[in-house]
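Take a look at the structure set out below.
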Amino acid sequence: MHDFSYIGKSFCCEKVNLKKIAQEFGTPTYVYSYKTLTDHYLKLDRAFDYIHHTICYSIKANSNIAICKLLADQGCGADVVSGGELYRAIKAGIKSDKIVYAGVGKTEDEIKFALLSNILLFNSESQAELELINKIAGELNRRPKIGLRINPDVDAGTHAYITTGKKENKFGISLDEAFKIYKTAGKYRNLEFRGIHIHIGSQITSIQPYVEAIKKAVDFINKLKGEGIKIDYFNIGGGLGIIYDKETPAKASEFANSLKPLLKGLNCSLIIEPGRFITGNAGVLLTKVLFVKKSVNKKFVIVDAAMNDLVRPSLYDAYHNILPLQKSEGKISSEVVDIVGPVCESGDFFAKDRKLPFVESNDVLAILSAGAYGFSMSSNYNSRPRSAEVLVKNDQCYLIRKRETYPDLIRNEKIPAVLKRIGTGK
Ligand code: LLP
């Protein structure tokens, strides 16, 4: 569910007419709903009322500092995967004792930063990294808590690029190896092995793979218990799927209830790392139609957003619903078109052979379900300034990221002295 809908003939976010936002801030612009963001967070939080838990929002889904702050205000923690994300989380006011740090390759500087920030848990997934964390922790006189990420070898039934819990994926440590590490944990003198982490993939619409993976992890935790090794944190990762088109993902309550029997008696604090579930359907990308172009057997609607703004269709062939901001009155009903951006690649599209109400130049479209992995995956490809971001709360809207300018594009670039004469014609 979300708070984007037609009021009369105008497509709105909460009580704000999106056309007004397009006029005031220009296009392309991302628009997020405060209400949807908080509702989704609270839905999940309440669903797990039956167990001590922390929701660590996966910042990679949408890392705008205002979004992080909004969630921090609700009591949300963060799942980060880089020093940059950790910096954002802290700047947004997310409490460091609610921050978990994942990823297969943390650098020395990143590890230092996280150690000095006193985060809740390092989710680590290789012996080499454990050794490095152990070494730096010793130098800094810290004793971080570690959650080993295990690979349960479960197929999450999602796109290959975002499947992470199968044994051929780069993520996690096999159960056998993890067991060995726990048994010899004493050799890492500066680490406290307190957690188990799994994350089997993203946009998972069935509960079954979760149940399968969590069962394996729970058995593993019990096996450790049998050896006198106590696990305090069970991090079940993120990955909860949302509706883009006709998917029927489990509701938060169904998800939580189906895990209840598995988690009973475990005596662990639960960590959940949702990204898309919170922000995915809380954002749209507004884009203006530049031209409509007819070729021999196709009609192209060329818009001012492109794959640099929202790469999901190009990268994963992902479906995003696309709606005009104004319901047409008495116009020709609909036609089949490709909706494409101005970037010089044939892969730069938002929809192919899509039935769309008849549109013309200057009409504005909303690309739905763009709140997760939209702006956060955007780039400056083709030297396109990145879009603005706006947050709507009730009948008000707030600019939460200025549109980039041309000077922004070259701000960090330098022409070395040796090239000084360039441009002089000599
Ligand atoms: N935890 C870990 C360790 C992760 O790697 C991820 C996502 C999450 C949590 C959050 O997953 P979520 O709840 O958002 O599914 N760019 C892709 C998705 C990549 C997901 C990467 N890891 C997309 O646009 O579909």
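Order of listing sets the numbers, starting from 1, for every ligand and every atom in it. Predicted model only: the values in this text are computed from it and were never measured. For the single chain, residues carry numbers from 1 onward in sequence order.
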May I ask you to identify, for His159, whether its side chain, its backbone, both or neither come under 4.0 Å of ligand 1 on a heavy-atom basis?
-> neither

Which of the ligand 1 atoms, numbered from 1, are nearer than 4.0 Å to a heavy atom of Glu273 | 1 (N), 2 (C), 3 (C), 8 (C), 9 (C), 10 (C), 13 (O)

Run the numbers for me: atoms of ligand 1, each under 4.0 Å from some heavy atom of Arg149, listed by number.
-> 3 (C)

Assess the side chains of Asp363 and Gln326: does a donor N or O sit below 3.5 Å from an acceptor N or O?
-> no

Locate the shortest heavy-atom distance separating Asn281 from Phe4; write the atom from each residue and the value.
-> O-CE1, 3.8 Å

Return yes if a side-chain donor-acceptor contact under 3.5 Å exists between Ser33 and Lys35, otherwise no.
-> no

In the protein, which heavy atom is nearest to atom 19 (C) of ligand 1, and how far is it?
-> Ile162 CG2, 3.6 Å

Could you tell me which atoms of ligand 1, counted from 1 in the order shown, lie closer than 4.0 angstrom to a heavy atom of Met377?
-> 16 (N)

Kindly say whether the aromatic ring centers of Tyr319 and Tyr244 come within a distance under 6.0 Å.
-> no

Ligand 1 to Pro274, heavy atom cutoff 4.0 Å, flagged ligand atoms 13 (O)

Closest to atom 10 (C) of ligand 1 (heavy atoms only, candidates Cys56, Ser58, Gly280, Ala372) is Ser58

Winner among Phe277, Tyr244, Tyr373, Tyr57 once heavy atoms are compared against atom 20 (C) of ligand 1 | Tyr373

Using a strict 4.0 Å cut-off to heavy atoms of Gly275, name the atoms of ligand 1 that fall inside it.
-> 12 (P), 13 (O), 14 (O)

Side-chain donor-acceptor distances from residues 381-393 under 3.5 Å, at least two apart:
| unit_1 | atom_1 | unit_2 | atom_2 | d |
| --- | --- | --- | --- | --- |
| Tyr381 | OH | Glu345 | OE2 | 2.7 |
| Asn382 | OD1 | Cys344 | N | 3.2 |
| Arg384 | NE | Asn308 | OD1 | 2.6 |
| Arg384 | NH2 | Asp304 | O | 2.8 |
| Arg384 | NH2 | Asp309 | OD2 | 3.0 |
| Arg386 | NE | Glu404 | OE2 | 3.3 |
| Arg386 | NH2 | Glu404 | OE2 | 3.3 |
| Glu389 | OE1 | Asn64 | ND2 | 2.9 |
| Glu389 | OE2 | Tyr32 | OH | 2.5 |

Is the closest heavy-atom distance from Gly239 to ligand 1 below 4.0 Å?
-> yes

Given the side-chain rings of Phe277 and Tyr41, with only the six-membered ring counted for Trp, is the space between their centroids under 6.0 Å?
-> no

Is there a donor in the side chain of Glu129 and an acceptor in the side chain of Ser124, or the other way round, less than 3.5 Å apart?
-> yes

Determine whether the side chains of His197 and Glu125 contain a donor N or O and an acceptor N or O closer than 3.5 Å.
-> no

May I ask you to check if ligand 1 and Ser202 share an N or O to N or O distance below 3.5 Å?
-> yes

Where does the angle between the aromatic ring planes of Phe48 and His53 fall among parallel (under 30°), tilted (30 to 60°) and perpendicular (over 60°)?
-> tilted

Between Thr405 and Asp408: side-chain donor-acceptor atoms closer than 3.5 Å | yes

Distance filter under 4.0 Å to Asp79 heavy atoms, resulting ligand 1 atoms = 1 (N), 2 (C), 9 (C)

State whether Asp353 and Lys298 are salt-bridged, where the test is any N-O pair (Lys NZ or Arg NE/NH1/NH2 against Asp/Glu carboxylate O) under 4.0 Å.
-> yes

Of all protein heavy atoms, the one nearest atom 16 (N) of ligand 1 is Tyr316 OH, 2.7 Å

Which protein heavy atom lies closest to atom 21 (C) of ligand 1, and at what distance to 0.1 Å?
-> Lys60 CD, 3.8 Å

Arg276 contact mode with ligand 1 (heavy-atom cut-off under 4.0 Å) | both

Answer side chain, backbone, both or neither: which part of Glu125 comes under 4.0 Å from ligand 1, heavy atoms only.
-> neither

Output yes when the distance from some N or O of ligand 1 to some N or O of Arg312 is under 3.5 Å, and no in every other case.
-> yes

